[in-house]
Student: 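I am attaching a structure below and will ask some questions about it afterwards.
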Amino acid sequence: MNLRNALRSAMLVALLTTLSADAQAIDPSRRPTDRDNIIPQPLDPLFPSNNPTGLGSSGGFDPFAPANQNPLDGFGSNPQPNQIRVTPSVVPAPGTPQDQPRWRLGIYSMDTGTGVQIVRVSPNSPAAAAGLEPDDLIVTVSGYQVGLIENHRHELGQAFNEYATTDGYVNLLVQDHRSGNLLNMPVTLEGRFQRIEGTVMFRDTNTRLPRNAEVQIDLYEQIRPGVTIPIVTKRIGDFSKVPIPFAVDYDPSIIDPRRQYTVQASIVANNQTYYTTRNPYQVITAGYPRTVDLSLYSTVTQNSGQQGGYASNRDEQLEQIVQWFQDYLNRDIRYNERQVWTSSIDRGESLEDVRAQLLGGPEFYTKSNRDDETYIRRLFEVVTGRQPSQREIAAWMTRLEAQNGLRTNLAREFLAQISQQR
């Protein structure tokens, strides 16, 4: 072991000397196809093509989880004098690993004492686009070592999580297996996840939040009408900035384009909910975006029994109407409209009736292509966050006819029935 550790310690000295001497010769802006134009380095290939690793292209590696295979030392019993010398004490390893790798390079690989050796390159992957080949050796990721360092594995996936830019860009130091040259290769990785982004806004109604309160954001999948399951949950404890920005990552491979996905949020602490969204926000499929601004409302107000669970004071009621304009009509409320609805509230008109007027009004109907069936579908979407069944459409079409086409009356009936089901 002492001999091996001594060899390892000597390796980084040679590597750093090589890198320092050739810093001007390695152009990070060059693509891998320029490798023949880079000044040759006085190094022999570390792993020639006949290296007896015992691992072939069908050795059970995961092409999207680099460096997660059984580690091999890479030295053998007689290390060659011109091999790259790497010691772990100079370059820090990546920080705390994330639970899952966020980026894909697209290689089968194995860890060695001098880097991560590529065993196979997946077709149509970032590695293939960059020109990486089997037996190339990845020495560093954006300046940080990977591979086996003093019997500790510093994996590519962890390094990508730590040092890739938000666009997935990294700079790899690679030893070309053909010439032995060290090359700087800029690579744009492929993201494993997609992201839902947005903000969370909640109105303080003198509800005192505990210090350990968190915003909980849930992404739900509707598996059948009326039945949803959470597939991703994100918690945020920072309330220093309101609206609170959030980002929820999800694996696109689990998304079924035939199903509906919604986002809901709440503020929780000690198994108690203080604020929550009133309705789910649809995202991802059926043309819905992956950005959403969530409005949360106090559950204390909702449980007070006033106005069917709606906000009780004038300012909160106006804020609710403003939110409905955005949710239902996809625009901000105009100044004159705000004045009209303020007067209506002052006269004692309920929020439920205001909501029914917006949903039964001509603007909402116009946005439904002035078609009764489309109108009923949109009514379900914006109020319940789901698509109606054909049976439900037929039933509400019958009710619309019974109401002599008066959509406001239909909207009142619809809202009353939804309220009873909750």
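Since we're looking at a predicted model, the values are computed, not measured. All values below come from the heavy atoms of this structure, side chains included, with hydrogens, waters and symmetry mates left out.
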Student: So, taking the atom named CD in Gln222 and the one named CD1 in Ile229, what distance separates them when rounded to the nearest 0.5 Å?
Tutor: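 With rounding to 0.5 Å, CD (Gln222) is 11.0 Å from CD1 (Ile229).
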Student: Does the side chain of Thr233 come under 3.5 Å of the side chain of Asp218 through a donor N or O and an acceptor N or O?
Tutor: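 Present: a donor and an acceptor within the cut-off.
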Student: Using a distance-only test with no angle check, is there a side-chain donor-acceptor pair under 3.5 angstrom linking Ser295 and Gln323?
Tutor: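 Side chains of Ser295 and Gln323: pair found under 3.5 Å.
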Student: Around atom CD of Glu401, are there more than 12 heavy atoms from other residues, nucleotides or ligands closer than 6.0 Å?
Tutor: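 No, the 6.0 Å shell around CD holds no more than 12 heavy atoms from other groups.
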Student: Give the intermediate values and the outcome of side-chain hydrogen bond (donor to acceptor under 3.5 Å, both in side chains) for residues Gln357 and Thr408.
Tutor: CA-CA 6 Å; Gln357 292 183 57; Thr408 300; over 6 Å; no
Student: Taking atom CD of Gln264 and atom OG1 of Thr228, what is their separation to the nearest 0.5 Å?
Tutor: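 So the CD of Gln264 and the OG1 of Thr228 are separated by 6.5 Å.
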Student: Mind checking the CE-CG spacing from Met201 to Leu296? Nearest 0.5 Å is all I need.
Tutor: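 Separation between the atoms: 10.5 Å.
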Student: Would Asn409 and Glu413 count as having a side-chain donor-acceptor pair, cut-off 3.5 Å?
Tutor: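 Note: Asn409 and Glu413 side chains miss the donor-acceptor criterion.
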Student: Nearest 0.5 angstrom please: Tyr163 OH to Trp103 CH2, how far?
Tutor: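 Output value for this atom pair is 16.0 Å.
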Student: Verify side-chain hydrogen bond (donor to acceptor under 3.5 Å, both in side chains) between Asn171 and Ser142, making sure each step is shown before the conclusion.
Tutor: CA-CA 5 Å; Asn171 194 61; Ser142 296; over 6 Å; no
Student: Which of these, Phe414, Phe364, Phe380, sits in a ring-ring contact (aromatic ring centres under 6.0 Å, His included) with Tyr375?
Tutor: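 Only match with Tyr375 under ring-ring contact (aromatic ring centres under 6.0 Å, His included): Phe364.
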Student: Under 3.5 Å, is there a donor-acceptor pair linking the side chains of Asp372 and Tyr365?
Tutor: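 Yes, a side-chain donor-acceptor pair sits under 3.5 Å.
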Student: Write out all pairs satisfying salt bridge (Lys or Arg N to Asp or Glu O under 4.0 Å) with one or both partners inside residues 323-334, taking only residues at least two apart or from two chains.
Tutor: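 Qualifying pairs, neighbours excluded: Arg331-Glu337, Arg331-Glu363, Arg334-Glu337.
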Student: Looking at every non-hydrogen atom in both residues, tell me the closest pair between Arg153 and Asp111 and how far apart they are.
Tutor: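 That would be NE-OD2, 3.0 Å.
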Student: How close do Thr285 and Pro257 get, heavy atom to heavy atom, and via which atoms?
Tutor: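 Answer, listing the atom of Thr285 first, then Pro257: CG2-CA, 3.9 Å.
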Student: Find out whether the Lys NZ or Arg CZ of Arg195 is both under 6.0 angstrom from the six-membered ring centre of Tyr250 and within 45° of the ring's axis.
Tutor: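 The answer is no, since Arg195 fails at least one limit relative to Tyr250.
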Student: So do the side chains of Leu329 and Trp324 get within less than 4.5 Å of each other, counting heavy atoms only?
Tutor: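 Leu329 does not reach Trp324 side chain to side chain.
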Student: Take Ser350 and Asp353, measure what side-chain hydrogen bond (donor to acceptor under 3.5 Å, both in side chains) needs, and give me the verdict at the end.
Tutor: CA-CA 5 Å; Ser350 70; Asp353 196 57; 5.5 Å; no
Student: Would the distance check show the side chain of Ser368 and the main-chain N or O of Asp371 forming a donor-acceptor pair, the cut-off being under 3.5 Å?
Tutor: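 Such a contact is absent between Ser368 side chain and Asp371 backbone.
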Student: Distance check, rounded to the nearest 0.5 Å: Arg290 atom CZ versus Leu219 atom CG?
Tutor: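 Answer for the CZ-CG pair, Arg290 versus Leu219, is 11.5 Å.
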Student: Minimum heavy-atom separation for Tyr275 to Thr273, with atom names?
Tutor: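 Nearest heavy atoms, Tyr275 then Thr273: O-CG2, 3.3 Å.
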Student: So, Gln260 and Arg386: side-chain donor and acceptor under 3.5 Å apart, yes or no?
Tutor: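 Side-chain D/A pair, Gln260 to Arg386: absent.
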Student: Strictly by modelled atom types, are Glu381 and Tyr288 linked by a side-chain donor-acceptor pair under 3.5 Å?
Tutor: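 Indeed, the side chains of Glu381 and Tyr288 share at least one donor-acceptor pair under 3.5 Å.
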Student: Indicate yes or no: at least one non-hydrogen side-chain atom of Ile321 is less than 4.5 angstrom from one of Ile333.
Tutor: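 Yes. Closest side-chain heavy atoms under 4.5 Å.
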Student: Classify the side-chain pair Gln117/Asp135 by whether it contains a donor and acceptor separated by less than 3.5 Å.
Tutor: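 The criterion, which ignores hydrogens and geometry beyond distance, is satisfied for Asp135 and Gln117.
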Student: What is the distance from atom CG of Leu137 to atom CG of Leu172, rounded to the nearest 0.5 Å?
Tutor: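 Nearest 0.5 Å value for the CG-CG distance: 11.5 Å.
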Student: Is it true that Asn369 and Thr374 share a donor-acceptor pair across their side chains at a distance under 3.5 Å?
Tutor: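 Per modelled atom types, Thr374 and Asn369 side chains form no pair under 3.5 Å.
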